Amino acid sequence: MIHAVYPGSFDPITNGHLDIIRRATKIFSKLTVAVLVNPQKKPLLTLHERKQLIRESIQQFDANIVVDSFYGLLVDYAEKINAHAILRGLRAVSDFEFEFQLSLMNQRLNPRINTVYLMASADLTYLSSGLVKEICSLGGDIKDFVPPGAVELLNSKLATDPSQG
Ligand code: ADP
C-alpha cells in the first residue's frame, strides 16, 4: 500500500484541489488530505469548516481518503501517520521555486519521505483559493470554481456590498 499525504490550506478547497485528489487516487492506495494549521496565516474559514467542505466534496470519489489536520512540521506529521510520500500540485512556473525549496528542505529533514508533484490540469491552472475569495468578495459568481458547499459558505462570509453601507 502506498500512502500519500496531500497538505494545504484549503481555504477553501477548489476544483483544482479536487482534480489533484481525483488523479492521486489512481496512483496511491491511500490519501490523507491534511489541513495545515498555520498560526502565521489568517484563514477565512475555520479549521472545522475547511475539513467539512473537504469531507463533503470527496464523497464523489470511491477511494481510501482520510481528512485530517496538523500543526507543526509536515515531515513529522507524515512520519506519524506512516505516509510514504507528500503530494503537491504544481500550477505555473510561479509555484515552482517555492515548491522546489520546500521539497529540498523536507528531503533534508526526512530523506525517507519523497515529495511527488502532479501538474495542474490545463483548464484549472489559473485557479487558487485566494482568487476565488477575491472574486466572491467583489460579487462574482464562483460556482464553476468550488464545490457547492463552498459557494454557500463563501457567499455568506464575503458577499457584502460596502457601497451600500
Ligand atoms: P498552500 O498554502 O499549502 O499552498 P493551498 O490550499 O493553496 O495550500 O494548496 C495546496 C496544494 O494544492 C499546493 O500544492 C498547491 O500548489 C495545489 N493547488 C492549489 N490549487 C491548484 C490547482 N488549481 N491545480 C493544481 N494544484 C493546485
Side-chain angles (χ1 to χ4, degrees), residues 3-28 31-58 60-61 63 65-78 81 83-107 109-110 113-137 140-151 153-154 157-158:
H3 177 193
V5 54
Y6 181 33
S9 309
F10 304 104
D11 185 40
I13 188 163
T14 69
N15 293 346
H17 295 124
L18 285 167
D19 180 62
I20 295 288
I21 293 171
R22 180 186 56 78
R23 289 158 58 202
T25 62
K26 311 277 183 247
I27 302 168
F28 302 105
L31 191 66
T32 296
V33 182
V35 182
L36 168 65
V37 179
N38 182 352
Q40 277 157 19
K41 281 194 181 177
K42 190 117 189 42
L44 172 71
L45 306 181
T46 66
L47 181 60
H48 175 76
E49 286 167 336
R50 286 180 281 161
K51 286 169 79 173
Q52 189 56 32
L53 284 179
I54 298 170
R55 280 204 187 93
E56 280 168 26
S57 52
I58 59 166
Q60 60 184 300
F61 305 123
I65 309 175
V66 173
V67 181
D68 196 11
S69 53
F70 73 102
Y71 171 79
L73 277 181
L74 173 58
V75 285
D76 290 348
Y77 172 70
I81 62 167
H84 306 93
I86 294 166
L87 169 71
R88 296 283 288 175
L90 265 190
R91 280 161 298 187
V93 182
S94 51
D95 275 343
F96 181 80
E97 199 173 334
F98 175 70
E99 292 292 340
F100 189 47
Q101 193 183 12
L102 199 66
S103 84
L104 290 177
M105 180 51 90
N106 283 333
Q107 214 168 26
L109 293 171
N110 187 335
I113 298 169
N114 286 298
T115 307
V116 175
Y117 292 94
L118 284 178
M119 302 301 283
S121 292
D123 58 336
L124 294 166
T125 193
Y126 60 87
L127 197 49
S128 71
S129 303
L131 205 50
V132 167
K133 283 182 278 191
E134 196 172 332
I135 293 166
C136 185
S137 68
D141 187 354
I142 55 167
K143 74 170 180 340
D144 289 344
F145 310 132
V146 290
V151 177
L153 196 55
L154 260 66
K157 291 206 175 204
L158 286 174

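In each ligand, atom 1 is the first atom listed, and ligand 1 is the first ligand listed. Keep in mind it's a predicted model, so treat the numbers as computed, not measured.
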Worksheet item: What heavy-atom pair brings R23 and A120 nearest, and what distance separates the two atoms?
Response: NH1-C, 4.1 Å

Item to complete: Determine, stepwise, if the pair Y71 / N38 fulfils side-chain hydrogen bond (donor to acceptor under 3.5 Å, both in side chains).
Response: CA-CA 7 Å; Y71 171 79; N38 182 352; over 6 Å; no

Fill in: Those protein residues which place at least one heavy atom below 4.0 Å from ligand 1
Y6, P7, G8, S9, F10, G16, H17, I20, K41, R88, G89, R91, D95, E99, A120, L124, L127

Discussion item. Do E49 and P43 have side chains that approach each other closer than 4.5 Å (heavy atoms only, starting at C-beta)?
Written reply: no

Discussion item. According to salt bridge (Lys or Arg N to Asp or Glu O under 4.0 Å), who are the partners of R22, at least two apart in sequence or on a separate chain?
Written reply: D19

Worksheet entry | Partners meeting salt bridge (Lys or Arg N to Asp or Glu O under 4.0 Å) with E56 (sequence neighbours left out) | none

Side-chain donor-acceptor pairs of residues 141-148 under 3.5 Å, sequence neighbours excluded:
unit_1: D141; atom_1: OD1; unit_2: K143; atom_2: N; d: 3.1
unit_1: D141; atom_1: OD2; unit_2: K143; atom_2: NZ; d: 3.4

